[in-house]
Structure formats: C-alpha cells, structure tokens
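Along the sequence shown, the residues carry numbers beginning at 1. Only heavy atoms go into these numbers, but all of them, side chains included; no hydrogens, no water, no symmetry mates. Bear in mind that the values here come from a model prediction, so they are computed numbers and not experimental data.
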Amino acid sequence: GETETAITSAATVGQRDFKPHRVTVRTSASRLLIDQSVINVEQWLGEELDYAVRIKEEDAAMQGNGVGQWLGIFTASTDGIPTSRDVVSVGAAIAADDIINTIMNVKATVRNRGSWVGSRQFVQLVMKLKDSANQYIFTESAGIGNVLAVGTPMTLKGRPLYESESAPTALTTGTYAAVFGDFNFYRIYDFMNLSVQVLDQDPYASNGEYGYVMHKFSDGAPVLEEAFSRLRVL
C-alpha cells in the first residue's frame with residue numbers, strides 16, 4: 001500500500017580496479033625484404049604483431065595471476081572466481097557426472113548463455129568417456145546436445161565448447177579441468193592506442209634488419225563470480 005514501509009534490498013556494490021598493464025611484443029625483418037618488397041609490409045607486420053599479442057592475452061585470460069597482468073579464469077581469486085565456485089570431481093578421474101555437476105552449479109540464466117572452455121586434453125578426455133556398455137557417452141549426434149566431431153563447432157550438454165591451448169592440461173589431482181560460464185562477465189579493457197616503434201640501430205643494423213616493437217595496454221578479469229563454475233580434479 002501507499003503508506004507501507006518500503007522494502008529495503010540487501011544488495012551490495014563493490015569496486016574492482018582495472019589498470020593499464022603493458023604487453024610488449026617484438027619482431028624483426030630483413031632490410032632487403034622491407035625495402036624491395038612487393039607485398040603490403042604494413043599489413044603483414046600488423047598481422048604478425050597482432051597474433052603475438054593475442055597469444056599473450058589468451059595466456060593471461062586463462063591463467064594470469066592478476067599481478068601486472070590480466071586475472072585468468074583458471075586462477076582462484078577473491079577478485080575474480082573464488083574457490084567457492086569450484087566443483088570437485090567425484091573421483092580422481094573426470095566422469096560424466098562431473099560435467100553435469102559443473103553446468104548445474106550455475107543459475108538457468110547462465111546455463112542458457114554459458115560456454116565451456118578447456119584444454120585440448122580436456123576435450124579429448126570428454127570424447128572418450130564411456131558408459132558401462134562401453135559406448136561413448138557424449139556422441140557426435142547434435143540431437144542430444146553434444147557435437148564433438150572434429151572440424152565442426154563443438155557443443156557439450158547443449159552449450160558451446162571451446163578449446164584453448166592456454167588452459168590447464170595436467171588434469172591431475174588438484175588441477176583445474178574446465179570452466180563453464182557466461183563470458184559476457186569476463187571484461188576486457190584496452191587503454192590508449194597501439195604504438196609500434198621502428199628500430200634501425202644495433203643489434204638490428206649489424207644484422208641488416210629493422211626491428212619492430214609494439215606496446216599495448218589492457219586489463220581483463222571476471223567481474224561476476226556467480227556467472228562461472230569451475231571443475232577441479234579431486
């Protein structure tokens with residue numbers, strides 16, 4: 001009613017700092033190649049440096065410790081995804097129940113928009129899971145919500161499954177195997193414009209080369225812990 005006391009919420013708002021962490025990559029190329037090339041040198045150079053930066057950023061997004069770099073999804077942290085969001089496997093080896101427990105550890109809104117991320121070793125392990133009749137549990141049939149065929153977009157329990165060469169590969173006691181979550185809540189911020197330095201002094205000059213150094217400033221971290229569920233091996 002109009003005269004009733006308003007209901008107060010228990011919502012709390014915290015703060016997380018995003019800071020410009022520098023990543024630097026460099027390469028070199030022959031002066032003869034550059035000066036006499038018929039290709040688009042700037043495009044080639046940009047693609048080379050961009051690839052190198054993306055590898056470093058993927059490493060940080062997976063396992064960065066948050067100190068002078070991004071905070072990764074496989075790093076347990078109260079500033080990102082704490083251990084309270086971990087699902088421990090039921091045994092020393094990952095089983096089908098672990099996949100179900102991990103995906104059901106989040107609310108329906110996350111499940112409906114979530115994705116899996118794991119290493120190539122994790123994907124291979126899931127592909128090989130079998131039932132008591134020695135039949136593969138997660139088949140290549142799209143009709144049951146799993147597509148694990150090589151060369152096609154993979155899904156696991158109806159949600160996209162992505163491989164990362166930067167994800168943990170050990171899959172042994174105490175290690176993380178996979179993360180399921182809504183990656184809209186992994187925020188990446190870029191600071192300032194990219195800068196590329198061209199160096200023609202030694203040691204490049206003596207080798208008949210030009211040196212190229214690119215600097216990029218960025219930060220990334222999970223911003224909502226409940227949007228993620230992480231599978232850890234018992």
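Across all their heavy atoms, Ala76 and Thr83 have their closest contact at CB-CG2, 3.7 Å. Minimum interatomic distance between Val87 and Ser229 (heavy atoms only, all atoms of both residues): CG2-OG, 3.7 Å. Across all their heavy atoms, Asp131 and Ala133 have their closest contact at OD1-N, 2.9 Å.
One distance of note links CD1 of Ile81 with OG1 of Thr75; it measures 9.0 Å at 0.5 Å rounding. Rounding to the nearest 0.5 angstrom, the gap separating the CG atom in Asp219 from the CD atom in Glu57 is 10.5 Å. Separation of atoms CE (Met214) and CG (Asp50) is listed at 6.5 Å; rounding is to 0.5 Å. Distance check, rounded to the nearest 0.5 Å: CG of Leu224 to CZ of Arg187 gives 8.5 Å. A distance of 6.5 Å separates CD1 of Ile94 from CD1 of Ile99, quoted to the nearest 0.5 Å. Once rounded to the nearest 0.5 Å, the distance linking CD of Gln197 with OG1 of Thr24 reads 8.5 Å.
Geometric assessment of Arg85 against the ring of Phe228 yields a negative cation-pi assignment under the 6.0 Å and 45° thresholds.
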Solution key, residues 61-73 side-chain donor-acceptor pairs under 3.5 Å, sequence neighbours excluded:
residue : atom : partner : partner atom : Å
Gln63   : NE2  : Ser166  : O            : 2.8
Asn65   : OD1  : Val67   : N            : 2.8
Asn65   : OD1  : Gln69   : NE2          : 3.3
Trp70   : NE1  : Ser218  : OG           : 3.2

Using residues 172-185 as the side-chain source, report each donor-acceptor pair under 3.5 Å to any protein atom, sequence neighbours left out, with the distance given to one decimal.
residue : atom : partner : partner atom : Å
Thr173  : OG1  : Leu234  : O            : 3.3
Thr175  : OG1  : Leu171  : N            : 3.4
Thr175  : OG1  : Thr172  : N            : 2.9
Thr175  : OG1  : Thr172  : O            : 2.5
Tyr176  : OH   : Asp86   : OD2          : 2.6
Asp182  : OD1  : Asn184  : N            : 3.1
Asp182  : OD1  : Asn184  : ND2          : 3.0
Asp182  : OD2  : Arg113  : NE           : 3.1
Asp182  : OD2  : Arg113  : NH2          : 2.8

Run Arg111 and Thr109 through side-chain hydrogen bond (donor to acceptor under 3.5 Å, both in side chains) and show every step you take. CA-CA 6 Å; Arg111 293 199 303 274; Thr109 51; over 6 Å; no
Please determine whether side chain to side chain contact (heavy atoms under 4.5 Å, CB included) holds for the pair Tyr212 and Leu45, giving the CA-CA distance in whole Å, both sets of side-chain angles, and the decisive distance to 0.1 Å. CA-CA 9 Å; Tyr212 301 92; Leu45 176 63; 3.3 Å; yes
Let me see the working for Lys216 and Arg22 under side chain to side chain contact (heavy atoms under 4.5 Å, CB included), right down to the final yes or no. CA-CA 6 Å; Lys216 182 179 181 181; Arg22 178 169 62 95; over 6 Å; no
Check the pair Glu209, Arg31 against salt bridge (Lys or Arg N to Asp or Glu O under 4.0 Å), reporting the backbone distance first and the verdict last. CA-CA 5 Å; Glu209 297 176 331; Arg31 286 173 176 258; over 6 Å; no
Please lay out, stage by stage, how Met127 and Met154 fare under the test side chain to side chain contact (heavy atoms under 4.5 Å, CB included). CA-CA 11 Å; Met127 284 182 170; Met154 293 184 293; 4.1 Å; yes
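Side-chain contact between Thr155 and Leu161 is absent, with no heavy-atom pair separated by less than 4.5 Å. Side-chain contact between Tyr136 and Leu129 is absent, with no heavy atoms from C-beta onward closer than 4.5 Å. At least one side-chain heavy atom of His215 sits less than 4.5 Å from a side-chain heavy atom of Val213.
In the hydrophobic clustering of ILVMFWY residues, with side-chain heavy atoms under 4.5 Å counting as a link, Ile103 and Leu125 come out together. Residue Tyr204 is not grouped with residue Ile34 when hydrophobic side chains (ILVMFWY) are merged at heavy-atom distances under 4.5 angstrom, including chains of intermediate members. With hydrophobic clusters built from ILVMFWY side chains whose heavy atoms lie under 4.5 angstrom apart, Trp44 does not share a cluster with Ile55. Under the 4.5 Å side-chain heavy-atom criterion for Ile, Leu, Val, Met, Phe, Trp and Tyr, Phe74 and Ile188 are members of the same hydrophobic cluster. Grouping the Ile, Leu, Val, Met, Phe, Trp and Tyr side chains by contacts below 4.5 angstrom, directly or via other members, places Leu231 with Ile137.
Distance alone, capped at 3.5 Å, places no donor-acceptor pair between the Asn134 side chain and the Lys130 backbone. Without hydrogens or angle criteria, Trp116 side chain to Tyr162 main chain gives no donor-acceptor distance under 3.5 Å. Counting only distance, with no hydrogens or angles, the side chain of Asn105 and the backbone of Asn101 share no donor-acceptor pair below 3.5 Å. Of the possible donor and acceptor atoms, one in the side chain of Ser119 sits under 3.5 Å from a partner among the backbone N and O of Phe122. Counting only distance, with no hydrogens or angles, the side chain of Thr102 and the backbone of Asp98 share a donor-acceptor pair below 3.5 Å. Side chain of Asp200 to main chain of Tyr210: no donor-acceptor pair is present (N/O by atom type, distance under 3.5 Å, no hydrogens or angles).
Inspection of the Glu58 and Ser164 side chains reveals an N or O donor paired with an N or O acceptor under 3.5 Å.
A salt bridge links Lys107 and Glu226; the closest N-O separation between the charged side-chain nitrogens and carboxylate oxygens is under 4.0 Å.
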